[in-house]
Amino acid sequence: MEITQIHVNYLDTEDRILMRVNFGIDQQVALTLTRRIARFILENIAAMPSTPLEVVAAQTPIAFEERPVKGSASKADSGAALILNATCQRTDLAISFTFVCATTPQLDLNLSLVLAKGLEKLLWPVVEQAQWFVAFSPQLAASNEQASDDPLLTTLPASRLIH
């Protein structure tokens, strides 16, 4: 089946990410991602070649348009599968995830390089909103450096300064 839309949303009450993958008008899969699975996905996509997307997109025609997601994404779907474990296989132009879910059989998700990098761009803002992996965020690293410039902290004796 061909993927027509991917939507990701942070569920703050559950500390999970809901990822919906649409395959057409009435076909979709809803997956619940934990921190561990989200990190696994992001690390594997980041390990793919860093070929400029414009070059890859020119070689791989893909029609993409942004559309609003159908249905409510404010809470986990009752049919959303919780991913318990995942494996990954990468090539230079594609990535394949196999997800082991709690209530459904395993699910294979095959993404081209362009679609994988697009998923990465969708996931990072949601991961940052959730404040997962804060050590990886350059914005937070900058704010931590600025905290040491606080005049209240610099007046404390070095032995009492806690980082």
Side-chain angles (χ1 to χ4, degrees), residues 1-24 27-71 73-77 79-144:
M1 290 187 265
E2 186 175 314
I3 296 172
T4 58
Q5 184 181 36
I6 298 176
H7 180 266
V8 292
N9 189 42
Y10 177 62
L11 307 170
D12 60 344
T13 57
E14 299 180 25
D15 196 30
R16 302 273 193 264
I17 292 177
L18 177 64
M19 181 171 79
R20 291 185 185 179
V21 182
N22 292 334
F23 300 101
Q27 297 177 332
Q28 79 170 0
V29 174
L31 304 170
T32 305
L33 309 180
T34 61
R35 291 176 194 233
R36 183 175 58 85
I37 298 299
R39 182 176 181 170
F40 178 79
I41 291 170
L42 288 169
E43 286 176 343
N44 277 285
I45 293 173
M48 295 181 77
S50 59
T51 307
L53 288 181
E54 297 80 19
V55 174
V56 177
Q59 297 169 353
T60 312
I62 186 169
F64 180 79
E65 63 180 274
E66 193 168 333
R67 290 178 268 166
V69 68
K70 292 183 179 181
S74 61
K75 59 180 182 172
D77 290 356
L82 175 63
I83 300 174
L84 301 176
N85 209 350
T87 60
C88 177
Q89 293 183 344
R90 291 186 308 269
T91 66
D92 287 346
L93 296 176
I95 190 166
S96 177
F97 292 102
T98 301
F99 298 122
V100 177
C101 304
T103 56
T104 60
Q106 78 178 27
L107 174 71
D108 296 322
L109 185 63
N110 302 311
L111 306 171
S112 67
L113 176 60
V114 174
L115 200 51
K117 292 295 182 177
L119 176 59
E120 181 182 33
K121 286 186 176 190
L122 285 173
L123 273 175
W124 268 116
V126 176
V127 164
E128 287 175 352
Q129 173 194 356
Q131 297 181 358
W132 292 357
F133 324 127
V134 291
F136 300 133
S137 173
Q139 294 173 348
L140 291 174
S143 68
N144 287 342

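Note that the coordinates shown come from a computational prediction; the quantities given were computed from them, not determined experimentally.
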Please lay out, stage by stage, how Asp15 and Tyr10 fare under the test side chain to side chain contact (heavy atoms under 4.5 Å, CB included). CA-CA 7 Å; Asp15 196 30; Tyr10 177 62; 2.8 Å; yes
Closest heavy-atom contact between [X] and [Y]?
X: Met48; Y: Ala116; answer: SD-CB, 3.9 Å
X: Pro49; Y: Thr91; answer: CD-O, 4.3 Å
X: Leu18; Y: Ala30; answer: CD1-CB, 4.1 Å
X: Ile95; Y: Phe97; answer: CD1-CZ, 3.6 Å
X: Lys117; Y: Ile45; answer: NZ-O, 3.2 Å
X: Val126; Y: Asn9; answer: CG1-C, 4.1 Å

Residues, nucleotides or ligands: over 12 heavy atoms within 6.0 Å of Gln89 CD: no
Within the 4.5 Å heavy-atom criterion, are [X] and [Y] side-chain neighbours or not?
X: Ile3; Y: Leu111; answer: yes
X: Thr34; Y: Arg16; answer: yes
X: Arg36; Y: Asn85; answer: yes

Would you compute the distance between atom [atom1] of [X] and atom [atom2] of [Y] and round it to the nearest 0.5 angstrom?
X: Phe23; Y: Ile6; atom1: CZ; atom2: CD1; answer: 8.5 Å
X: Ile83; Y: Leu31; atom1: CD1; atom2: CG; answer: 4.5 Å
X: Gln131; Y: Arg35; atom1: CD; atom2: CZ; answer: 9.0 Å
X: Glu14; Y: Asp12; atom1: CD; atom2: CG; answer: 9.5 Å
X: Glu43; Y: Phe133; atom1: CD; atom2: CZ; answer: 8.0 Å
X: Leu122; Y: Met19; atom1: CG; atom2: CE; answer: 10.0 Å

Is a side-chain donor or acceptor of Thr98 paired with a backbone partner of Thr87 at a separation under 3.5 angstrom? no
May I have the step-by-step check of side chain to side chain contact (heavy atoms under 4.5 Å, CB included) for Val127 and Ile17, ending in yes or no? CA-CA 8 Å; Val127 164; Ile17 292 177; 3.9 Å; yes
